[in-house]
Colleague: 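Okay, here's the structure, questions in a sec.
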Number of protein chains: 2
Amino acid sequence: MKKSIDKSLEIKQVKPTAMRQLVLDILSKQDHAIGLPELEMQFAQADRTTLYRTLKTFVDKKVIHSIDDGTGTIKYAVCTDTCHCNPSELHVHFYCIKCEKTTCLTDIPIPDIQLPENYFAENINMVVKGLCNRCNKG
Amino acid sequence: MKKSIDKSLEIKQVKPTAMRQLVLDILSKQDHAIGLPELEMQFAQADRTTLYRTLKTFVDKKVIHSIDDGTGTIKYAVCTDTCHCNPSELHVHFYCIKCEKTTCLTDIPIPDIQLPENYFAENINMVVKGLCNRCNKG
DNA sequence: TAATTTGTGCAACCGGGTTGCAAACTTATT
DNA sequence: AATAAGTTTGCAACCCGGTTGCACAAATTA
């Protein structure tokens, strides 16, 4: 649905260039979060820098959120239309050590943490590593 | 205290070479977790590879634990003598966006997460980003 | 002492991420 | 429509943390 792609970009105030539509389209079709190298491979030939910067603007404008899953490659997944990436809106991510896929556990919010006196939380990253439901067999 | 260094290494079954004693000594004197580049700088001249491998054996033998704080550089901090790095023993880490130091919030265990059906957790990484008590003023 | 294992040091490489700069394209202004 | 200003894209090159291969040194064992 091209329409929904454009709408997302409009909502988040990102100019809908061909490149951006394409990238967002790809991202929204994934069943797991992907990184720059993986995104790059989805194109016959595309410039890494452009994809890199596209991802960056998307993150800035909160079209997508980035996930540091500990693999050394930052992953990205689309945000909901209403997402503002506040700590309270954050969810847990899961990295499967077998299929090596990183997924959003959107239904699992990051639990509240009681920080020590005078600490201020701006962001929380929580990644569970293990076996996903598909790989946890046998 | 040289003695405690040697004891730690003995407990975790790591042969106490000069290099290892030195590295562990440095690590245990830190008030925050440090990465390979920062460790390297503590030496007038030292080989990155050796330090790298020293850290690696330390992590393998659970003398120290590694922390992915999202900066792109893996940080390390000493474990307690009895630590086995099980999920239940894990604590939250904090990264200050101002002083850029990563610290162990050893008193704050990682909360239990109710994973979806058939998921298996082997490890959990939880990093809070924000302002530490020192930097959160004014 | 010789043979084997373990640790250290150098060099070189890898790969994700990032920047500088110029060309292409878009938008605003006259 | 023509020009100027801003934005996006593409290429090349670089940075840096991490990692590997290989040879030498040190320690351990036979």
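Not measured: the values here are computed from a predicted model. Every chain is numbered from 1 and lettered A, B, ... according to where its sequence line falls, protein lines coming before strand lines.
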Colleague: List every contact pair, protein side and nucleotides 8-12 of chain C side both N or O, where the distance is under 3.5 Å.
Modeller:
unit_1	atom_1	unit_2	atom_2	d
dT8(C)	OP1	T17(B)	OG1	2.8
dG9(C)	OP2	T50(B)	OG1	3.3
dG9(C)	O6	R53(B)	NH2	2.5
dC10(C)	N4	T49(B)	OG1	3.3
dA11(C)	N6	T49(B)	OG1	3.0

Colleague: Starting from the 5' end of DNA chain D, give me the residue, K15(A) or K56(B), whose nearest nucleotide shows up first.
Modeller: K15(A)
Colleague: Rounded off to whole Å, could you give me the CD1-to-P distance for the I34(A) and dG16(C) pair?
Modeller: 13 Å
Colleague: Holding to side chain to side chain donor-acceptor pair (under 3.5 Å), I want the full list of residues that pass it with K29(A), two or more places apart in sequence or in another chain.
Modeller: D25(A)
Colleague: Can you tell me how far C1' of dG16(C) sits from CD1 of I67(A), to the nearest Å?
Modeller: 17 Å
Colleague: What pair of heavy atoms forms the shortest contact from S66(A) to Y76(A), and how long is it?
Modeller: CB-CE2, 3.6 Å
Colleague: For the pair made of CD in E40(B) and C1' in dC16(D), what is the distance, rounded to whole Å?
Modeller: 11 Å
Colleague: Can you confirm whether or not the ring centre of H84(A) sits under 6.0 Å from the ring centre of H65(A)?
Modeller: no
Colleague: Whole angstroms only, please: what is the CD-P distance between Q13(A) and dT7(D)?
Modeller: 14 Å
Colleague: Whole Å only: how far is the CG atom of L51(B) from the P atom of dG7(C)?
Modeller: 15 Å
Colleague: Using atom CG of L36(B) as one end and atom P of dT20(D) as the other, report the distance to the nearest whole Å.
Modeller: 14 Å
Colleague: To the nearest Å, give me how far apart CD (E38(A)) and C1' (dG15(C)) are.
Modeller: 15 Å
Colleague: Mind jotting down which residue pairs meet the salt bridge (Lys or Arg N to Asp or Glu O under 4.0 Å) criterion with at least one end in residues 75-97 of chain B? Sequence neighbours excluded, please.
Modeller: D69(B)-K75(B)
Colleague: Just verifying a value: how many Å separate C135(B) SG and F120(A) CZ, rounded to the nearest 0.5 Å?
Modeller: 13.0 Å
Colleague: At under 4.0 Å between heavy atoms, what does G72(A) touch on the DNA or RNA strands: base, sugar-phosphate, or nothing?
Modeller: sugar-phosphate
Colleague: Between CG of D31(A) and SG of C104(A), what distance do you get to the nearest 0.5 Å?
Modeller: 11.0 Å
Colleague: Within this structure, what is the CD1-CG distance for the pair I64(A) and L24(A), rounded to the nearest 0.5 Å?
Modeller: 8.0 Å
Colleague: Taking atom P of dG15(C) as reference, at what distance in whole Å does atom CG of L39(A) sit?
Modeller: 18 Å
Colleague: For dT19(D), does either OP1 or OP2 sit under 4.0 Å from a side-chain N or O belonging to Y52(B)?
Modeller: yes
